[in-house]
Amino acid sequence: MKAAVVVFLGTNCEVETKRALEFCGFEAEYVNFNANNLDNYDAVFLCGGFSYGDYIRSGRLAKFTPVVEALRKYIDKKRGVTVGICNGFQVLCEAHILKGALVENDCSKFICKNVPLELKFNGIVKNISLPIAHREGKYVCFEDVYEYEFLKYLDNPNGSMQNIAGLYDCKNRVMGLMPHPERAIFARNFGYDGKEIFKIVEEEIKRG
Amino acid sequence: MDDFIKQEIEKRLKRQMNELERHIFSAMWSEHCGYLHSKNELKKFNRIGALFPDENAGGVKIGDWGVFFKTESHNHPCAVEPYQGAATGIGGIIRDILALNARPIALLNSLKFSFSQKHLIEGVTRGISDYGNSCGIADVGGEVIFDDNYYDLPLVNVMALGIAPINEVKLSAAKEDCAVVLLGSPTGLDGVGGAAFASKELNSNKSEEKIHVQIGDPFVKKKLIEATLEILKLEDVVACQDCGAAGLLSSTTEMAYKGKCSLELDLDKLHLAVNNMSAAQILLSETQERMVFALKKSAIKKVFEIAKKFELEISEIGKTFKGCDYVVKKGGKILSKTPLDVICNPYVYNLCPRKSKQELDKECNGEMDIAEAVNKVVSNPEFSSKRWFFEQWDYAVGGRTFIPPQKAGAAALKLFENDYFVGVCMDSKPRFCALDPYLGAKSTFLESYRNLVSSGFEPLGLTNCLNFANPQKDDVSADFIEAVGGLADISKEFSIPVVSGNVSFYNETGDSKIYPTVTIGMVGSCKSEKELIEAVFSGGESVFLLGAKITPDSFVGGSLYQKILFNFLGGRVDDSNYDFEIKLKNAIFELRKKGLLQGAIDVSKGGALGALLCVLFNSDIGFCGSLLGDGKYTNSQKLKMLFGEIEGRYIFSTKDYEGARQYLEKNKIPFVYLGECVGDKIKFDGFEFELSELKNKYFNSISEVLDRV
């Protein structure tokens with residue numbers, strides 16, 4: 001399993017994302033925002049940070065980069081699994097690869113803490129906890145996204161619609177989530193639940 | 001610039017200053033850049049064991065890596081523009097670490113406010129949040145103190161910590177025959193004269209001062225960090241300096257002076273943000289997000305390519321050569337040619353020690369019902385949880401944070417590079433320093449020391465930020481001498497070097513001035529995750545107090561409870577005992593090794609009861625036991641024993657009561673068995689409290705006030 005960790009200017013979670021991937025059995029390498037082909041990779045990770053300073057809106061500008069164009073082709077031909085974490089989720093929404101948008105938290109503050117979540121995948125429901133760290137993490141959408149819901153807040157910290165913390169578009173194999181699974185791998189204070197997310201990615205790659 | 005200084009400069013130059021030189025000297029001989037009133041005192045600090053203490057930041061060795069850290073104050077800018085002031089404070093301290101070729105991995109803040117100044121609290125917190133979070137550097141801890149003494153005079157001390165393999169560290173001394181290159185944001189008019197602004201008392205008309213505050217851009221900073229670390233990997237890059245106070249002027253003069261060579265700047269070559277800037281404005285601009293490099297000609301092409309890759313602007317702005325002058329050119333003309341040893345060696349004042357010692361005999365004799373006192377202390381903003389602050393800062397980015405803020409005395413970061421853990425904390429005890437600057441500084445050192453020890457770390461080095469009022473006033477200069485003396489003495493005694501530091505004077509306005517405020521950032525290490533200790537107790541564990549006992553005769557001046565309950569500041573401050581502290585440290589580490597210690601906390605704010613309550617709230621567990629023992633005491637003696645703050649104490653929990661007791665008795669370590677962690681009530685000496693009720697006050701008293709619309 002080979003994963004690409006996409007680095008835009010302003011991305012800042014690439015190191016721990018790569019480290020977590022390697023710990024979970026992936027081969028991982030950084031891919032620059034100029035890359036125009038992702039076919040080498042079984043999974044593509046857009047990680048956390050503030051791409052292009054989050055100018056205009058979080059994740060807004062990254063969609064104009066060559067690598068996001070390449071990602072569209074990668075998804076169209078169903079080459080592998082795409083995962084957007086935090087800023088990566090925002091980028092996927094801004095690029096309309098996933099539905100909806102992420103807007104400012106109800107409290108209008110940045111929130112960094114561990115939150116309890118409900119993980120629903122393949123008919124199995126589990127309670128886990130993962131750290132969040134964002135100011136624009138309130139998920140909103142005019143459409144019904146019930147079929148995509150896979151991760152929900154048990155104690156909604158930001159005002160997200162339907163308590164949505166993450167979406168998974170099974171058909172296109174695109175996942176987006178605000179919590180940071182890569183931060184809950186080694187650090188004992190955030191538990192080890194991040195591995196659950198990487199396990200799902202692995203299963204989805206194998207499902208083909 | 002006063003007449004005396006002007007004469008001193010011209011005496012050394014053996015001629016009159018020209019117009020540009022007047023600007024150069026007003027910045028370089030300002031208190032902020034030149035340390036005129038502090039330099040002589042700071043020589044007293046123990047530097048033995050420090051890595052590169054004369055660079056932008058110093059460090060300590062952990063494994064084969066250097067861990068570099070420094071504090072900086074951004075008090076004046078935050079008083080007039082809290083958001084940008086705090087943001088650029090973070091920006092500045094990051095660059096100091098970066099200049100060594102060290103990757104910044106952690107930030108800490110020590111903040112002081114008057115709790116009534118909500119706009120300052122919110123502005124500073126958000127400035128740190130927006131800037132630090134964007135840069136991707138974890139904000140892992142620190143402290144917040146509320147006292148009306150800081151009304152209109154907020155203190156914003158920030159600390160950054162970075163890591164580099166020791167043999168890859170780049171220094172700031174240039175060499176002859178180098179090109180000088182400026183990387184980063186185009187130089188503009190923001191922050192012009194900032195160093196001079198920070199070197200005087202605050203003007204009551206704050207809108208006039210806003211021009212001196214810089215504006216930060218964390219996105220550019222993030223790119224600058226990555227680009228700088230890539231540039232500094234190149235062998236032909238000789239030296240690096242950040243543009244902080246007094247901008248390009250101080251970075252280039254220091255670079256040349258340390259490298260014993262001449263440096264010539266051609267100001268026409270700079271990338272500028274606005275046209276028609278004067279030479280003085282260009283030199284003194286404190287535009288953020290800029291780094292200066294001295295490099296061999298062979299590296300220029302590569303360095304420009306790296307800048308392009310990160311979409312950063314860059315220009316070659318000058319050169320170094322044999323000599324000892326600082327030359328500034330603009331419009332093809334040489335505007336000034338000034339000896340560097342005059343620019344970089346400002347006049348240094350000798351401070352006057354105190355003439356007569358003040359009386360400190362007053363004692364706090366206030367009385368208050370214990371239950372009422374407990375409620376008051378727990379819901380006081382200075383004592384209560386600082387969750388409101390920490391949750392706005394990204395303490396987990398980077399994936400290294402193994403102990404987050406407030407879970408232990410110190411934060412823990414993993415060095416994946418060599419598997420060590422770094423512990424870091426930031427502390428100050430302004431009320432102790434106000435009563436006795438010498439003992440107060442020592443006590444601050446010990447607070448940091450015990451924070452590290454109680455989290456499982458061996459303390460290795462410290463940095464400091466000395467915040468004082470106007471040093472030209474006798475009492476302030478005497479306070480300063482004594483505080484530096486206290487810190488110097490105790491750092492020698494413990495063989496823990498002062499690796500870096502910062503001084504902020506003139507923290508006064510009108511009639512009010514701040515307490516002498518010594519902020520310490522201390523760093524320690526441990527070798528494995530097993531050695532980390534958290535301030536968390538579990539049900540069924542026994543709780544012991546380790547160390548000194550408070551008696552009715554103990555000195556508890558400066559204790560927080562006296563301020564909260566009686567608005568009292570007075571009395572004598574407790575002195576420290578080196579042998580005793582070492583004995584306690586060894587006991588903590590031995591108990592941990594033997595598996596006889598599950599959780600621990602040092603005893604500081606709120607005394608023994610305060611420390612116990614903090615842990616119980618964080619662990620969500622009740623308690624049953626005794627803190628007062630069998631003796632007969634008056635109400636004010638009881639308050640003193642519960643909440644009083646003296647040196648040399650920890651609280652820890654153990655699953656093995658017998659084992660811990662036997663170890664302590666055998667090794668003759670003073671201890672008191674306090675009780676058991678049990679249930680959902682907190683019971684001691686006939687008092688009983690609902691855990692959930694007190695806990696709610698502890699966690700929410702700050703947000704209830706600050707989030708109220």
J.: Any idea which heavy atoms bring Ser129(B) and Arg135(A) closest together, and the distance?
T.: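 Looking at all heavy atoms of both residues, the shortest contact is OG-NH2, 4.1 Å.
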
J.: Apply the side chain to side chain contact (heavy atoms under 4.5 Å, CB included) test between Val397(B) and each candidate in Pro131(A), Cys86(A), Cys112(A), Cys13(A); give the one that qualifies.
T.: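 When side chain to side chain contact (heavy atoms under 4.5 Å, CB included) is applied between Val397(B) and each of Pro131(A), Cys86(A), Cys112(A), Cys13(A), only Cys13(A) qualifies.
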
J.: Relative to chain B, which of Glu182(A), Arg19(A), His180(A) shows the most heavy atom pairs under 4.5 Å?
T.: Arg19(A)

J.: Under 4.5 Å heavy-atom distance to chain A, tell me which part of Ile225(B) shows up: side chain, backbone, both or neither.
T.: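 When you check distances to chain A, no heavy atom of Ile225(B) falls under 4.5 Å.
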
J.: Please output the residues of residues 99-109 of chain A in contact with chain B, using a heavy-atom cutoff of under 4.5 Å, in numerical order.
T.: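 Within residues 99-109 of chain A, the residues that come under 4.5 Å of chain B (heavy atoms only) are Ser108(A), Lys109(A).
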
J.: Name the region of Thr17(A), side chain, backbone, both or neither, that has any atom closer than 4.5 Å to a heavy atom of chain B.
T.: neither

J.: Tell me, please, which residues at least two apart from Asn36(A) pass side-chain contact (heavy atoms from CB on, under 4.5 Å).
T.: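 Asn36(A): no side-chain contact (heavy atoms from CB on, under 4.5 Å) contacts found.
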
J.: Does any backbone or side-chain atom of Tyr55(A) lie under 4.5 Å from a heavy atom of chain B? Answer side chain, backbone, both or neither.
T.: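 Only the side chain of Tyr55(A) comes within 4.5 Å of chain B.
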
J.: Where does Ile137(B) contact chain A at under 4.5 Å (heavy atoms): side chain, backbone, both or neither?
T.: neither

J.: Looking at Gly398(B), Pro218(B), Gly136(B), which has the largest count of heavy-atom pairs under 4.5 Å with chain A?
T.: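 The option with the most such pairs is Gly398(B).
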
J.: Count the heavy atoms of every other residue, nucleotide or ligand shown that sit under 6.0 Å from NZ of Lys302(B), and state whether that count exceeds 12.
T.: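 No.
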
J.: Which atoms of Lys414(B) are under 4.5 Å from chain A, going by heavy atoms: the side chain, the backbone, both sets, or neither?
T.: neither

J.: Could you please spell out the steps behind the ring-ring contact (aromatic ring centres under 6.0 Å, His included) verdict for Phe219(B) and Phe50(A)?
T.: CA-CA 8 Å; Phe219(B) 174 51; Phe50(A) 292 72; 10.0 Å; no

J.: Tell me, with the steps shown, if Leu9(A) and Glu311(B) meet side-chain contact (heavy atoms from CB on, under 4.5 Å).
T.: CA-CA 9 Å; Leu9(A) 291 176; Glu311(B) 300 181 359; 3.4 Å; yes

J.: Does any non-hydrogen side-chain atom of Lys222(B) lie less than 4.5 Å from one of Asn12(A)?
T.: yes

J.: Quick check on Asp139(B) against chain A: is it the side chain, the backbone, both or neither that has a heavy atom closer than 4.5 Å?
T.: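 Neither; nothing under 4.5 Å.
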
J.: Where on Phe310(B) is there a heavy atom nearer than 4.5 Å to chain A: the side chain, the backbone, both, or neither?
T.: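 Both backbone and side chain of Phe310(B) come within 4.5 Å of chain A.
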
J.: Specify which of Lys221(B), Glu226(B), Lys223(B) makes the most heavy-atom pairs with chain A at under 4.5 Å.
T.: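 Ranked by contacts with chain A, first place is Lys223(B).
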
J.: Rounded to the nearest 0.5 Å, how far does CG of Asp130(B) lie from CZ of Phe110(A)?
T.: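 Reported value, rounded in 0.5 Å steps: 9.0 Å.
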
J.: For Asp394(B), is there an ion pair with Lys113(A) - N to carboxylate O distance below 4.0 angstrom?
T.: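 Answer for the salt bridge query: no.
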
J.: Take a 6.0 Å sphere around NZ of Lys2(A) and say whether it holds more than 12 heavy atoms from other residues, nucleotides or ligands.
T.: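 For Lys2(A), atom NZ is crowded (more than 12 foreign heavy atoms under 6.0 Å).
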
